[in-house]
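Comments concern the structure below.
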Amino acid sequence: MTEFEPRIVGFLCNWCAYAGADLAGVSRIQYPPNLRVVRIMCTGRIDPVFIFEAFRSGADGVLVAGCHPGDCHYISGNFKAYRRVLVLKRLLEQFGLESERLKLEWVSASEGDRFATVIKDMVKEIKKLGPSPLRAGG
């Protein structure tokens with residue numbers, strides 16, 4: 001039997017986290033290939049429906065990654081994302097999913113190494129949790 005490999009959907013802010021992911025790539029920093037990226041303009045604009053749809057479609061984890069507080073291109077988008085993710089974590093538990101499956105991280109455009117570390121840590125944590133109960137076929 002093969003080891004469980006988590007499916008993670010990442011909603012990355014265009015200005016910081018996506019640029020950090022790009023830096024990790026061009027710098028050839030190694031991290032697990034478990035992440036599927038959705039580029040968004042700002043984490044403050046992430047619709048909760050997108051997160052629930054990712055889980056419904058078989059994601060074992062969802063990452064929302066944006067600019068550090070105080071550095072948002074749109075002033076307060078990351079604070080909106082923070083509040084939204086707190087509420088969504090509570091809702092996930094109501095649906096029978098562990099809140100640890102949803103992660104919010106701050107990654108700047110110059111933090112390619114931090115981006116890789118975030119992915120490594122999230123993959124490790126999701127492996128401990130196992131497949132999402134919503135994942136078809138286990």
Side-chain angles (χ1 to χ4, degrees):
M1 187 166 131
T2 60
E3 183 182 1
F4 161 64
E5 285 298 331
R7 298 175 191 161
I8 299 171
V9 174
F11 295 98
L12 309 184
C13 153
N14 178 65
W15 304 102
C16 287
Y18 187 85
D22 187 50
L23 179 60
V26 298
S27 301
R28 298 186 183 269
I29 299 170
Q30 298 293 308
Y31 61 89
N34 303 69
L35 180 72
R36 299 298 175 262
V37 172
V38 178
R39 184 182 192 176
I40 57 176
M41 291 309 290
C42 178
T43 56
R45 297 293 297 155
I46 186 75
D47 190 323
V49 171
F50 296 162
I51 292 171
F52 288 125
E53 182 61 25
F55 282 116
R56 192 191 69 73
S57 297
D60 300 301
V62 174
L63 170 67
V64 177
C67 305
H68 287 275
D71 289 337
C72 178
H73 190 78
Y74 299 103
I75 314 302
S76 62
N78 44 19
F79 293 113
K80 291 175 186 169
Y82 176 75
R83 288 190 305 267
R84 197 167 284 148
V85 167
L86 284 178
V87 171
L88 291 174
K89 282 178 165 277
R90 282 188 240 133
L91 280 173
L92 285 178
E93 290 179 345
Q94 295 296 314
F95 293 131
L97 290 173
E98 300 91 342
S99 63
E100 296 85 3
R101 292 183 184 277
L102 174 59
K103 190 163 279 306
L104 175 66
E105 292 287 344
W106 312 126
V107 178
S108 78
S110 64
E111 294 180 313
D113 54 343
R114 173 161 166 63
F115 178 81
T117 300
V118 165
I119 303 307
K120 288 174 192 173
D121 291 348
M122 189 166 185
V123 167
K124 190 186 316 179
E125 189 168 1
I126 300 295
K127 280 185 176 184
K128 286 181 193 170
L129 294 172
S132 166
L134 302 179
R135 188 176 186 178

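Index from 1, following the sequence. All of these numbers come straight from a predicted model, not from anything done at the bench.
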Do the side chains of [Y] and [X] get nearer than 4.5 Å, heavy atoms only?
X	Y	answer
Arg90	Ser99	no
Leu63	Glu105	yes
Asn34	Glu5	yes
Phe4	Ile126	yes

Does [X] use its side chain to pair, donor to acceptor, with the backbone of [Y] at less than 3.5 Å?
X	Y	answer
Ser132	Leu134	yes
Arg84	Gly44	yes
Lys89	Leu102	yes
Arg39	Tyr18	no

Please say yes or no: joined through hydrophobic side-chain contacts below 4.5 Å, possibly via intermediate residues, are [X] and [Y] part of one cluster?
X	Y	answer
Val87	Phe52	yes
Met122	Ile29	no
Leu12	Val85	no
Val64	Ile75	no
Val118	Leu104	no

> Considering residues, nucleotides and ligands other than Lys127, do more than 12 of their heavy atoms fall under 6.0 Å from its NZ?
Replying inline: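 Check passes, neighbour count above 12.
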>> Go through it in stages, so that I can follow the logic: the residues are Glu100 and Lys128, the test is side-chain contact (heavy atoms from CB on, under 4.5 Å), and I'd like the CA-CA distance, side-chain angles, deciding distance and then a yes or no.
In response: CA-CA 11 Å; Glu100 296 85 3; Lys128 286 181 193 170; over 6 Å; no
> Which word best sums up how the rings of His73 and Trp15 line up, parallel for under 30°, tilted for 30 to 60°, or perpendicular for over 60°?
Replying inline: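 Judged by the thresholds at 30° and 60°, the geometry between His73 and Trp15 is parallel.
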>> Parallel, tilted or perpendicular, judged at 30° and 60°: which one describes the rings of Tyr82 and Trp106?
In response: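 Tilted.
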Gap separating the [atom1] atom of [X] from the [atom2] atom of [Y], nearest 0.5 angstrom:
X	Y	atom1	atom2	value
Arg114	Ile119	CZ	CD1	10.5 Å
Cys72	Asn78	SG	CG	4.5 Å
Leu97	Leu88	CG	CG	12.0 Å
Asp60	Arg101	CG	CZ	6.0 Å

>> So which atom in Cys42 and which in Tyr74 form the shortest heavy-atom distance, rounded to 0.1 Å?
In response: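 Answer, listing the atom of Cys42 first, then Tyr74: CB-CD1, 3.5 Å.
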> Any idea which heavy atoms bring Glu111 and Leu23 closest together, and the distance?
Replying inline: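 Reported closest heavy-atom pair: N-CD2, 4.2 Å.
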> What do the steps show when you test Val62 against Phe11 for side-chain contact (heavy atoms from CB on, under 4.5 Å), and what is the final call?
Replying inline: CA-CA 8 Å; Val62 174; Phe11 295 98; 3.8 Å; yes
>> For Phe95 and Phe55, I'd like to know if the aromatic rings sit close, meaning centre-to-centre distance below 6.0 Å.
In response: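 Centroid distance Phe95-Phe55: not below 6.0 Å, so no.
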